[in-house]
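Have a look at the structure below, then the notes.
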Amino acid sequence: MTKIFITGGTGCIGSVTIYKLLQSDQVDKIIIATRSNNAEPLKLWLGEALDPRLEFVTLDVSNYLEIERVLLEVSPTHIIHLGAYQSPDCSRDHIGGMEINTGGTMALFDAAEKLPALERFVFASSAAVYGMRLMYPQETISEEVPLAPPNHYGIWKLAGEHLARLFYDNTKVPTVCLRINTTYGKGRDKGKTSAPTNALKAIVLAAIKNEKASFEMPYQGRENYHYVEDVGAQFAAVCIQPYKGFGAFNIQGETIPIASFLELAANQAKELGMGDLTSLSIVENAPPNLFICDLDHSKINSTFSNLPLTDISIGIRKSLLEFKEMAEKGILTYSTPAS
C-alpha cells in the first residue's frame, strides 16, 4: 500500500502536487499534515468533493515532539516535505524561519529514520541555495556549482539538503531534493516571486471591471519560470517513479527576461479579449532579481521520465483563463508580494 505523508499540502505547490498524485493509480492514500486543516486551496484543483484517498492530520512543523508522534502513528511509505516559511517570513523572523525550515526539517528526518517501511523521501529545496548569477561564468547553471545562498531562506534550504544527505547516508532510503525557482499560475499567492502571478491576476481583475490593467514588477533582470502544474507533476514523479540513491535536482523551467514575460502576458491577454490597454512594467530603478536564473535541468530530465515543460506562453494563457474563471466566481484574490 502506497501511503504518502505530505507537509505543506494545502499550500500552492502542495495542493497541485496532491492533484497530480491522485491521477496515479499507484497512490492508495495521502495524509496531509497541516496547521489549519483549511482545505480551500486544495479545492482550486480538486473541486468541492475531495478525493476519499485524502486524510488530514493537524501538525505544526515547529512542534518537534508532535512530528515524531504523528509520523510514527501514520507510518507512511513516502514523505514529501513542503512545509516551510517562505523568503519574506524568513527575512522578517530569522529565528522563526530557522526553527521551522531547519528545526522542523531535522525533526522530520529524525522521526523518518524510525519508520519501518519508508521507500522515498522528497524534500522541497529552492534555487535560493545558489549564489547570485554574477558568481557563475557558465551559460547554464548545473547542480554541481558552488552554493552561496543570498538570504536566510536559502541558507535554511541548503541546511535541509545537507540533512537530507545525512538521512540517506544513515538509512539508504532513496532521497530527492528538488530546487524550485519562480512558480507562476493558479494558487501562487505568497512569497517574493509571486509577482509574475500577481501581474496575471491584475490583468484579469481589470478585464472583469472593464478597466485598464496596470502592474509594476518590483524587481528586474531575468527569471527562471516554472508553470505551477509542471511543478506539481515533477514532485509527484520523483515521489513515485523508480529511483535509488540521493540527489538534488533543478526542476525543469525556462529562463527569459522579466520584460519578456510581461510582454507575453500582455499579448495573451489581448488574444483572449481581456483588453489591449494592459500596462505592465518594471518599477523604475528596481533591484535585480535576487534569485538565480539560467538553471540547467538536464539532470532531472535524464533521471525521471515524462516530466512536463509547458511553454511560457501556454502557461500564461492557461493561467489567465483559470484566473478569469475564479474571478467570475468571486474567489480571485490579489496581494502585493512582500519585500
Side-chain angles (χ1 to χ4, degrees), residues 3-18 21 29-42 54-115 118 120-126 128-129 149 151-168 170-171 173 175-180 183 187 189-191 231-232 235 239:
K3 187 191 297 186
I4 301 172
F5 180 85
I6 179 168
T7 69
T10 58
C12 169
I13 293 170
S15 297
V16 70
T17 297
I18 289 168
L21 284 168
K29 181 178 282 191
I30 300 175
I31 299 94
I32 303 167
T34 170
R35 284 183 297 178
S36 64
N37 286 321
N38 176 20
E40 292 305 310
L42 276 170
L54 299 182
E55 178 181 319
F56 291 84
V57 295
T58 302
L59 180 66
D60 185 335
V61 294
S62 66
N63 188 329
Y64 307 154
L65 293 177
E66 275 295 285
I67 286 175
E68 180 169 337
R69 184 191 68 77
V70 169
L71 201 63
L72 293 179
E73 183 178 289
V74 170
S75 192
T77 57
H78 298 67
I79 295 173
I80 303 176
H81 181 36
L82 288 156
Y85 262 19
Q86 296 191 38
S87 282
D89 297 317
C90 290
S91 297
R92 173 183 53 82
D93 180 6
H94 300 164
I95 302 302
M98 180 179 66
E99 289 177 343
I100 291 175
N101 290 13
T102 302
T105 298
M106 182 170 65
L108 191 61
F109 276 122
D110 283 352
E113 288 195 19
K114 302 173 183 177
L115 295 175
L118 189 64
R120 182 73 49 86
F121 197 117
V122 179
F123 171 65
S125 186
S126 169
V129 300
N151 62 5
H152 286 86
Y153 174 78
I155 290 170
W156 308 148
K157 284 299 184 181
L158 181 53
E161 289 194 9
H162 285 301
L163 291 169
R165 176 190 50 78
L166 183 62
F167 169 78
Y168 172 74
N170 290 342
T171 64
V173 172
T175 303
V176 177
C177 303
L178 290 188
R179 295 174 178 170
I180 316 165
T183 299
D189 298 321
K190 298 178 181 178
V231 176
F235 267 93
C239 179

Can I get a per-line list of side-chain donor-acceptor pairs under 3.5 Å for residues 9-18, giving both atom names and the distance, sequence neighbours left out?
{"unit_1": "Ser15", "atom_1": "OG", "unit_2": "Gly11", "atom_2": "O", "d": "2.7"}
{"unit_1": "Thr17", "atom_1": "OG1", "unit_2": "Ile13", "atom_2": "O", "d": "2.7"}

* Could you tell me whether the side chain of Leu115 reaches within less than 4.5 Å of the side chain of Leu72, counting heavy atoms only? => yes

* To do: Mind checking salt bridge (charged side-chain N to carboxylate O under 4.0 Å, His left out) for Glu113 and listing every partner two or more places apart, or none if nothing turns up?
  => none

* Structure fact -> Correct closest heavy-atom pair for Leu163 and Thr102 would be CD1-O, 4.0 Å

* What is the minimum heavy-atom distance between Tyr153 and Ser126, and which atoms define it? -> CE2-OG, 3.4 Å

* Do the side chains of Phe123 and Leu108 get nearer than 4.5 Å, heavy atoms only? -> no

* Asked: Restricting to pairs with a member in residues 70-81, which pass side chain to side chain donor-acceptor pair (under 3.5 Å), not counting sequence neighbours?
  -> Thr7-His81, Arg69-Glu73, His81-Thr105

* **Residue list, ring pair (Phe, Tyr, Trp, His ring centres under 6.0 Å) with Phe121, at least two apart or on another chain** => Phe109, Phe167

* Asked: Does any non-hydrogen side-chain atom of Glu161 lie less than 4.5 Å from one of Arg179?
  -> yes

* Asked: Any sub-3.5 Å donor-acceptor pair from Lys157's side-chain atoms to Ala124's backbone N or O?
  -> yes

* What distance do Ile6 atom CD1 and Ile30 atom CD1 have between them, rounded to the nearest 0.5 Å? -> 7.0 Å

* For Tyr64 and Gly104, work out which heavy atoms get closest and say how close. => CE2-N, 3.5 Å

* Asked: How far does CD1 of Ile4 sit from CG of Leu54, to the nearest 0.5 angstrom?
  -> 10.5 Å

* Please identify each residue that fulfils side-chain hydrogen bond (donor to acceptor under 3.5 Å, both in side chains) with Lys3, with sequence neighbours left out. => none

* Are the side chains of Pro76 and Leu71 in touch, meaning some heavy atoms are under 4.5 Å apart? -> yes

* How far does CG of Leu178 sit from CZ of Phe235, to the nearest 0.5 angstrom? -> 4.5 Å

* Any residue meeting side-chain hydrogen bond (donor to acceptor under 3.5 Å, both in side chains) with Thr171, in chain and number order, not counting sequence neighbours -> none

* Are any of the side-chain heavy atoms of Leu158 and His162 separated by less than 4.5 Å? -> yes

* **Nearest heavy atoms of Cys239 and Val122, plus distance in Å** => CA-CG2, 3.9 Å

* **Rounded distance (nearest 0.5 Å) linking atom OG1 of Thr175 with atom CG of Leu166** => 10.5 Å

* Structure fact -> Output for pair (Phe5 CZ, Lys29 NZ), nearest 0.5 Å, gives 13.0 Å

